[in-house]
Amino acid sequence: MQNTGTKMLESALEIITKTAKDMRLSESKTERLLLPDAIHELHFSVKMDDGKDRLFTAFRIQHNNALGPYKGGIRFHPNVNRDEVRALATLMTIKCAVAGLPYGGGKGGVIIDPKSVSESELERISKAYARAISSFIGPEIDVPAPDVNTNPKIIGWMTDEYIKMSSRTRFGISNKMLKPLQGKQVQHDSVLRATFTGKPLDMGGTLGRTEATGRGGVMILKALLNKIKSQAPNPKKQTNSNNQITNKKSLDLGASNLEFLQPSTIAVQGFGNVGYYFAKIATENGFQVKAVSDSKGGILYAGQESLDAVEVLKCKKEKGSLAGCYCSGGVCDIKKGRVISNEELLELPVDILVPAALENVINGQNMSKIKAKIIVEMANGPVTEEAYEYLTKKGVIIVPDVLANSGGVAVSYLEWYQNMKGQTWTEDKVNKRLQVMMTKAFDAIWDKSVKKKKPLKQAAFEVAIERMLSAHK
Ligand code: GLU
């Protein structure tokens, strides 16, 4: 059977090819967009706690740097493979262009189940990976960040190792001799630290980065709902004396089906960093989150209000998984919760479905059972091309990953910018900048979508490719 990485790569290449054809790009220009600039396959061994060496395979794929340094996360997962990393690197190129950032796209991955190793093994693996990629990354070359199963702590280890490595190459000296020189390097190190984003705060990370992907997703969702509301037909003009709808000018985006919304109900698949903050911030913004799930299962809350993401996370930490946490967030108090599977969560009759875990979860097998009217792709590639076409035809609005989850890389840019300029911003300043970037990104894609009568995903790819081509000129 084809692995999900290969499928995801096919989906990414298919949409680029389709968009390039619509834009009447030459074959060679199209081919250039499909092929990455460089594929680094890396092998390194790490001493494990039992004293034995274990060999790891990892990747860093640099897709395109027309708009600036390659940018993208590093994923730790047992299913990481070359096609998956290539697909994700390609999506990063599009995502950075959509978000209006001066970056290209790249992605890294290590084949490992991080839950199967000790913390000190994880540190040694992270550092070995940083050494392996150190010769082709840098603040103006390629800027990695966290992705699935990597976090500020891991990025901190990598940053440390990278700075050590580059100091060594700069001075041609050993680690032992480095210590006395460190004071003189402070300023240079701030810029060197810009090689990674998503760092811990005390290593040059920025306030607001941890929440950024979820927060940006809620900002994009609100921007979408505002557009739908402002463009929906005036209810007073909707019916004539025969009670027939007269003023339902279709937006070709399914917006005319959306008379619901306020408060809207949401189901979130995935309760990692992205899913958690999306659920929390959506609730703070008046949405009703009715269900959440992690890889082991989920909970459905049937009470009147939103479930309490903070309480649920506390419980998940105690119990090790969400299944069994249905008592949290007031659910037990009113006896209205139940445990559900991941498959069930995707098929719930909610207004908005938010896949925030892994790729290809909405596919040919379950697409006909999806009931949500809006899907916000917070994971990378959660809806296959086949399901995307099917659901869009049915009138479902799908906010594509390259727009919906671009808040993460947008705040990565703000972190990089602060490091490069030696500045430290308040969280409020970061969030305000994020709002401006998200609104601008959304408006450009929405306008293109309405103008060309195309779904948001194709519009996003078209805007991104236009921006890349104009940079080449
Ligand atoms: N891994 C995140 C993404 O896929 C963030 C990338 C970044 O901050 O560079 O968008």
Side-chain angles (χ1 to χ4, degrees), residues 5 8 12 59-65 67-77 80 84-110 133 137-152 154-155 158-159 193-200 204-206 208-217 220 270 272-275 277-278 355-359 376-382 399-419 430 433-434 437-438 441 460 464:
M8 194 189 191
F59 303 91
R60 182 74 189 171
I61 298 187
Q62 298 168 321
H63 175 256
N64 184 298
N65 63 354
L67 289 170
Y70 304 105
K71 182 87 192 82
I74 299 160
R75 168 175 297 209
F76 281 5
H77 199 278
V80 160
E84 181 194 59
V85 181
R86 187 177 149 197
L88 292 164
T90 310
L91 290 179
M92 281 311 299
T93 301
I94 303 293
K95 191 187 301 185
C96 291
V98 162
L101 305 175
Y103 289 140
K107 200 78 167 198
V110 181
I133 62 171
I137 59 170
E140 288 174 313
I141 304 167
D142 184 351
V143 184
D147 197 77
V148 172
N149 289 332
T150 49
N151 55 23
I154 292 175
I155 296 297
M158 292 186 181
T159 309
R193 281 190 189 138
T195 304
F196 288 86
T197 60
K199 299 180 289 291
T206 184
R209 176 64 185 87
T210 309
E211 303 84 353
T213 313
R215 186 179 299 285
I220 294 283
N273 173 273
V274 177
Y277 281 110
F278 188 98
L358 289 170
E359 52 255 31
V376 184
E377 287 192 310
M378 291 305 290
N380 287 315
V399 188
D401 49 6
V402 290
L403 175 63
N405 70 29
S406 64
V409 69
V411 174
S412 270
Y413 166 68
L414 300 180
E415 177 178 333
W416 177 88
Y417 183 90
Q418 289 171 70
N419 294 159
V430 170
R433 282 295 306 156
L434 177 64
M437 289 193 281
M438 293 293 96

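All residue numbers in this chain count up from 1 along the given sequence. Note that the structure is predicted; figures quoted are calculated from it, not measured. One-based numbering, in listed order, for ligands and for the atoms of each.
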Can you give each donor-acceptor pair under 3.5 Å made by side-chain atoms of residues 92-100, sequence neighbours left out, with the distance rounded to 0.1 Å?
unit_1, atom_1, unit_2, atom_2, d
T93, OG1, H63, ND1, 2.6
T93, OG1, A89, O, 3.4
T93, OG1, G105, N, 3.3
K95, NZ, N380, OD1, 3.0
K95, NZ, N405, OD1, 2.7

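Within the 6.0 Å centre-distance limit, the rings of Y413 and Y103 are counted as a close aromatic pair.
Among residues at least two apart or in separate chains, salt bridge (Lys or Arg N to Asp or Glu O under 4.0 Å) pairs with a member in residues 96-107 are K107-D147.
A donor atom on one side chain and an acceptor atom on the other are not found under 3.5 Å apart for K199 and T206.
For ligand 1, the protein residues placed under 4.0 Å by at least one non-hydrogen atom are K71, G72, G73, M92, K95, K107, A145, P146, D147, R209, N380, G408, V409, S412.
In this view, E377 satisfies the salt bridge (charged side-chain N to carboxylate O under 4.0 Å, His left out) rule with no residue, not counting sequence neighbours.
Note on R75 versus E359: salt bridge recorded, some NZ/NE/NH1/NH2 to OD/OE distance being below 4.0 Å.
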